[in-house]
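What you see is a predicted model, and the numbers here were worked out from it, not measured in a lab. Below, chain A is the first sequence line, B the second, and so on; all start at residue 1.
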Amino acid sequence: MPRYQRPTGTLDVLPEDQPYWDYVLTRARRLAELCGFERIDVPVFEVTELFARGVGEGTDIVDKEMYSFQDKGGHSITLRPEFTAGVIRAYIENGMQVRTQPVKLYTYGPIFRYERPQAGRFRQHTQFNVEILGEQDPLADLEVMLLAWDLYAGLGFQELAFQLNSTGCPQCKPGYVEVLRAYYVAHADRICDDCRRRLERSPLRVLDCKAEVCQPVIAEAPHIMDYLCTECEAHFARLREYLDLLGRRYVINHRLVRGLDYYTKTVFEVWAAGIGAQSAVCGGGRYDGLAELLGGPPTPGVGFGSGLERIVMAMKYFGVQVPPLPSPTVFVAHLGPQAGPEAVRLAYALRGAEIGTWIAFGQRGLKSQLREASKRGVRYAVILGEQELVSGMAIVRDMESGEQTQVPVAGVVEWVRERTHAA
RNA sequence: GUGGGUGUGGCCUAAGGGUUAAGGCACCUGGUUGUGGCCCAGGAGAUUGUGGGUUCGAAUCCCACCACUCACCCCA
């Protein structure tokens, strides 16, 4: 028989890691709901066309990272490589533009990108995602950013700061791109081959180039800040004003250009330590033209996606403690064939009273059963044997003190409830 | 897609080419008849990632593939 392994770049989240996931997700949901975000779930796959148009032909994600396949009906289907396109599709398809605007939505689930895995990067990862649809006020940009900030701050991240930039809009971006292109053409002898290619397909990406040779050219490159139209400039200024007022640290990063084509105006990332060469735990921005591009009514939007795996990695790096997940407090041990049915009855009575309970399987010695109880970490072990059946009194053993109490079998549920619910 | 590192029981690690691959953790069972954690004893568990090759002999050397890992690219 072959030994099966998980596919490259996928992860098993084992029970011992679940407390981290649960903690993060619970907090994220809570924060989102406090701001009025409502949960939405969209399919894990969509027609390929949606992502090709939404994310943009020519982006790395669309060109080489999508999990696409033909289904039995001959349709090209793609496992979602990001959330926004699907959420916008759902907004349009369900006529959500008639709801009170803006519509605030959050979701989370698996995202798929065919990449070479490394520290903090996977082929299937999990994102927590929020979107505010139908609002152009920079206050909306602020709100999603603060949500991310508060989440990480609450999780114990240190030295938080936003990486912030504006990518302009259809009014001003093309003008800047021309200026940038002209600048690069003038310095064509001092840039790398990749950048020569980027200049054709996605010119803004040259600013993101890591090649040694390109650094001096990038450093001297014109900033989009100086080419924003008055609307984009005002929008960005308002956002900064809010952030300053609230004391949320950010650094203007002229080189921050994101890998998805749909962004307009605000783009931002949050970086964290402890996740290898990958530093972004969160990336997002505004995408005012996307809904229209996907065939819907003109609908401005802002949002972000945040990688759960990276958040958990950063938490471990920062040494953040998380509370354990609930586990049973009682273990029912039983001796002899007569005691079995009574033990089952008792276990289900306890469970029926919302008291987590393990019951011993098989016919084993008491030693073995208590050993298991000890390892399960329960607070009480109930012992039911022939003697207890005769007397009608079960033995309840406090696993920490070793103290044993005789309790009427019919009163065990109440006895345990008093002791556990009080504390 | 490119480059580096690694690959021994569930986990960690040993075995400088030579007898039945060793140890620790974890797991199971016992240490008298119905009592956990500590201690003691015992047990189960590995075709040494896979396939070739070199050799009288390979976990040890060589090649290929696979996987993991780190980095580039890109991003969450």
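Protein atom CG of L11(A) is 13 Å distant from nucleotide atom C1' of U69(B), rounded to whole Å. Distance E115(A) CD to G1(B) P: 13 Å, rounded to the nearest Å. Here the P atom of nucleotide A76(B) and the CG atom of L79(A) are 17 Å apart, to the nearest Å. In this structure, NZ of K64(A) is placed 11 Å from P of G1(B), rounded to the nearest angstrom. Atoms CD (E16(A)) and P (C25(B)) sit 20 Å apart, rounded to a whole Å. The interatomic distance linking Q369(A) (CD) with G37(B) (C1') rounds to 17 Å, in whole Å. Rounding to whole angstrom units, OH of residue Y4(A) and C1' of C68(B) are separated by 20 Å. Rounded to whole angstrom, the span from the CG atom of D208(A) across to the C1' atom of C74(B) amounts to 8 Å.
Looking at heavy-atom distances under 4.0 Å, A277(A) makes contact with sugar-phosphate atoms alone, never a base. Base contact: F122(A) has a heavy atom under 4.0 Å from a base atom. In this structure, G336(A) reaches neither bases nor backbone, as no heavy-atom distance under 4.0 Å exists between it and the strands shown. Using a 4.0 Å heavy-atom distance criterion, I395(A) is classed as a base contact. Residue R113(A) is in base contact, counting any heavy-atom pair closer than 4.0 Å across all strands shown.
Projected onto RNA chain B by closest heavy-atom contact, R397(A) and G276(A) fall at different nucleotides, the more 5' of which corresponds to R397(A). Position along RNA chain B of the nearest nucleotide to R123(A) versus L370(A) favours L370(A) as the more 5'-ward residue.
One P atom belongs to G36(B), the other to U47(B), and the distance between them is 36 Å to the nearest Å. For the P atom pair drawn from G31(B) and G37(B), the interatomic distance equals 13 Å after rounding to whole Å. Straight-line distance between the P atoms of A26(B) and C70(B): roughly 28 Å, to the nearest whole Å. Separating the P atom of U69(B) from that of G23(B) is a span of 31 Å, rounded to the nearest Å. Comparing the C1' positions of A59(B) and U13(B) gives a spacing of 14 Å, expressed to the nearest Å. Here the separation of U19(B) from U54(B), taken at their C1' atoms, is 22 Å to the nearest Å. Using atom C1' as the reference point in both U20(B) and G10(B), the two lie 24 Å apart (nearest Å). Spacing between A21(B) and A58(B) at atom C1', rounded to whole Å, works out to 12 Å.
Using a 4.5 Å cut-off on side-chain heavy atoms (C-beta onward), F268(A) and C282(A) make contact.
Under a cutoff of 6.0 Å and an axis angle of 45°, R351(A) and Y348(A) form a cation-pi pair. For the pair R39(A) and Y108(A), the distance from NZ or CZ to the six-membered ring centre is under 6.0 Å and the angle to the ring normal is within 45 degrees.
For G34(B), the base has a donor-acceptor partner in the side chain of Q387(A) [N/O atoms by modelled type, under 3.5 angstrom]. A donor-acceptor contact under 3.5 Å is formed by the side chain of R121(A) with the base of C74(B). Judged by distance alone, with hydrogens and angles left aside, Q404(A) brings a side-chain donor or acceptor within reach of the base of U35(B), the pair sitting under 3.5 Å. Under 3.5 Å, the side chain of E372(A) and the base of C27(B) form no donor-acceptor pair of N or O atoms. One can find a donor-acceptor pair under 3.5 Å joining the base of G34(B) and the side-chain atoms of E388(A).
When atom types are taken as modelled, the side chain of N253(A) and the backbone of R255(A) share a donor-acceptor pair closer than 3.5 angstrom. Between the side chain of R80(A) and the main chain of P43(A), a donor-acceptor pair closer than 3.5 Å is present.
Environment of CD in Q321(A): sparse, with no more than 12 heavy atoms of neighbouring residues, nucleotides or ligands closer than 6.0 Å.
When ring centroids are compared, F37(A) and Y106(A) stay outside the 6.0 Å threshold.
Side-chain atoms of L260(A) lie closest to A76(B) of the nucleotides G34(B), G1(B), A76(B). Picking from C72(B), C70(B), A76(B) the nucleotide with the shortest atom distance to the side chain of R310(A) gives A76(B).
For the atom pair E46(A) CD and I77(A) CD1, the distance stands at 8.5 Å (nearest 0.5 Å). A distance of 7.0 Å separates CG in L50(A) from CZ in R89(A), rounded to the nearest 0.5 Å. Atom CG of L146(A) sits about 12.0 Å away from atom CG of L151(A), to the nearest 0.5 Å.
Applying the 4.0 Å criterion to OP1 and OP2 of C70(B), one finds that Q118(A) has every side-chain N and O outside that range. Distances shorter than 4.0 Å separate none of the side-chain N or O atoms of T59(A) from OP1 or OP2 on C74(B). Contact between the side-chain N/O atoms of R116(A) and the OP1/OP2 oxygens of C70(B) is not found at any separation under 4.0 Å.
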Could you list, one pair per line, each protein nitrogen or oxygen that sits under 3.5 Å from a nitrogen or oxygen of nucleotides 28-32 of chain B, together with the distance?
| from | atom 1 | to | atom 2 | distance (Å) |
| --- | --- | --- | --- | --- |
| C28(B) | OP2 | K375(A) | NZ | 2.5 |
| U29(B) | OP1 | S368(A) | OG | 3.3 |

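A side-chain donor from one of Y287(A) and E131(A) sits under 3.5 Å from a side-chain acceptor of the other.
Taking a pair as Watson-Crick or G-U wobble with both distances under 3.5 Å, the runs of three or more consecutive pairs in RNA chain B are B:1-7 with B:66-72, B:10-13 with B:22-25, B:27-31 with B:39-43, B:49-53 with B:61-65.
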Item to complete: Walk me through it: do R258(A) and E269(A) pass the test salt bridge (charged side-chain N to carboxylate O under 4.0 Å, His left out)?
Response: CA-CA 9 Å; R258(A) 299 186 36 78; E269(A) 291 183 359; 2.8 Å; yes
